[in-house]
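Notes for the one structure printed next.
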Number of protein chains: 2
Amino acid sequence: MENVRELFQIMTRRFGFLNKNCCSAGGCDISLVQSHILYEIDRQHQPSIQQVAEALGTDITTFSRQIQSLIKMNLVKKSPDPNDRRVYVLSLTTEGKYVATTIDQQCNAYLAEIFSHMNDFEKETVIRSIKLLNEAMSKSSLCCSTPIG
Amino acid sequence: MENVRELFQIMTRRFGFLNKNCCSAGGCDISLVQSHILYEIDRQHQPSIQQVAEALGTDITTFSRQIQSLIKMNLVKKSPDPNDRRVYVLSLTTEGKYVATTIDQQCNAYLAEIFSHMNDFEKETVIRSIKLLNEAMSKSSLCCSTPIG
DNA sequence: CTCTTATACTTGCAATTTGCAAATAAATCG
DNA sequence: CGATTTATTTGCAAATTGCAAGTATAAGAG
């Protein structure tokens, strides 16, 4: 088998660049990390701080401060969980939702451009492959989860 | 088309975790960034500092200091380029080569474990798909290159 | 050849980001 | 109720970052 890691490494690096290129929306520049946070809050349903931190594999203290920044920027809202008063539930503000959506559209536009270099069959194959990969990775609890988790 | 970005985002995040889990070799712990640098120096043939920095999309001043750390750790060697005395050529020390190789093996072992959840056909399809993706991404100069480059 | 410009790399900051240890606050368990 | 666990926040101190400015070499113009 050829060097599979090489293939992954190059691909994820390129996708990382793509993400970095999609970090502003309507005059609002955010960092790559912040973009990931907005994405994850948007994806999960009213997640707690802990949940998002774990999903992204960041230290929770670091994450707590990142959230504080995003709240100051008026992109994220933090509401106390009525069921457990230790917990704060995160959600996007209208502005945050707008930024997240815009970034998502930019990313998807870039991806569409990438796929335009393939025919329909190749494109379908690639998308199906990534789904397969994600399933396989989720089955493998050995790795691919947070470093210390 | 479903949300393709979602698929990519999850996959690359997981692969990022995998990489983070592969950051030590024989008692030598390095950071994720340092692991990427070793990987890239190993991959390129006697690259200059500039070349590696560009490949990884890091600011060159930051990168210069990262290299200094790796030299102190005795993992990287910096030799003046005889053809152009402004340039320093990077290479791995024996120890650096050992660390890079060990990390590479760990990553590939994890990947093999992931692929063990698939049959041979699926596995071949996935690998071929990633190659396709890499080709398509390299054709697309729109994105996927360094943010400011 | 000299002067200007361009290139490769390094250093001086200053801001940001990081994570560990410890603190607070609330839930849960015995 | 007291002890333990869990969720989040703060106090640091270290590491990482990037811009601006510096050094050193190369290349091009006159």
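This one's a predicted model, so the numbers in the text were calculated from it and none came from an experiment. So that the names make sense, note that chain A is the first sequence line, chain B the second, and so on, each numbered from 1.
When the nearest nucleotides of DNA chain D are assigned to A/V89 and B/T58 by heavy-atom distance, the more 5′-ward of the two goes with A/V89. The residue among A/Q34 and B/Q50 whose nearest nucleotide of DNA chain C is located toward the 5' end is B/Q50. Each of A/R65 and A/V87 was matched to the nucleotide of DNA chain D holding its nearest heavy atom; the match closer to the 5' end belongs to A/V87.
Atom OH of A/Y88 has 12 or fewer neighbouring heavy atoms from other residues, nucleotides or ligands inside a 6.0 Å radius. Environment of CG in B/D120: sparse, with no more than 12 heavy atoms of neighbouring residues, nucleotides or ligands closer than 6.0 Å.
The side chain of B/Q51 places no N or O atom within less than 4.0 Å of a non-bridging phosphate oxygen (OP1 or OP2) of C/dA8. Regarding contacts with the backbone of C/dC9, every side-chain N or O of B/S64 stays at 4.0 angstrom or more from both OP1 and OP2. Note on A/Q68: every side-chain N or O is 4.0 Å or more away from OP1 and OP2 of D/dT8.
Within 4.0 Å of B/S69, counting heavy atoms only, lies no atom of the nucleic acid at all. Residue B/S48 is classed as a sugar-phosphate contact, given heavy-atom separations below 4.0 Å to backbone atoms only.
Comparing D/dT8, C/dC9, D/dA7 by their closest approach to the side chain of A/K78 singles out D/dT8.
Distance CG (A/D81) to P (D/dT8): 9 Å, rounded to an integer number of Å. Rounded to a whole Å, the CD1 atom of A/I71 is 12 Å from the P atom of D/dT8. The interatomic distance linking A/L70 (CG) with D/dT9 (P) rounds to 13 Å, in whole Å. Regarding B/L32, its CG atom lies at a distance of 15 Å from the C1' atom of C/dT17, rounded to whole Å. Separating the CZ atom of A/R85 from the P atom of C/dT24 is a distance of 18 Å, rounded to the nearest angstrom. Whole-Å rounding puts the A/F63 CZ to D/dT10 P distance at 15 Å. Counting to the nearest Å, the P atom of D/dT17 and the CG atom of B/D59 are 9 Å from each other.
On a pure distance criterion of 3.5 Å, a polar donor-acceptor pair joins the side chain of B/R86 and the base of C/dT7. With hydrogens and angles left out, the side chain of B/T61 and the base of D/dC19 share a donor-acceptor pair within 3.5 Å.
The closest donor-acceptor contact from the side chain of B/S31 to the backbone of B/Q34 lies under 3.5 Å.
A/Q9 and B/H36 form a side-chain donor-acceptor contact under 3.5 Å, judged by distance and modelled atom types alone.
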Side chain to side chain contact (heavy atoms under 4.5 Å, CB included) assessment of B/E122 paired with B/N119: CA-CA 5 Å; B/E122 290 171 328; B/N119 63 43; 3.3 Å; yes
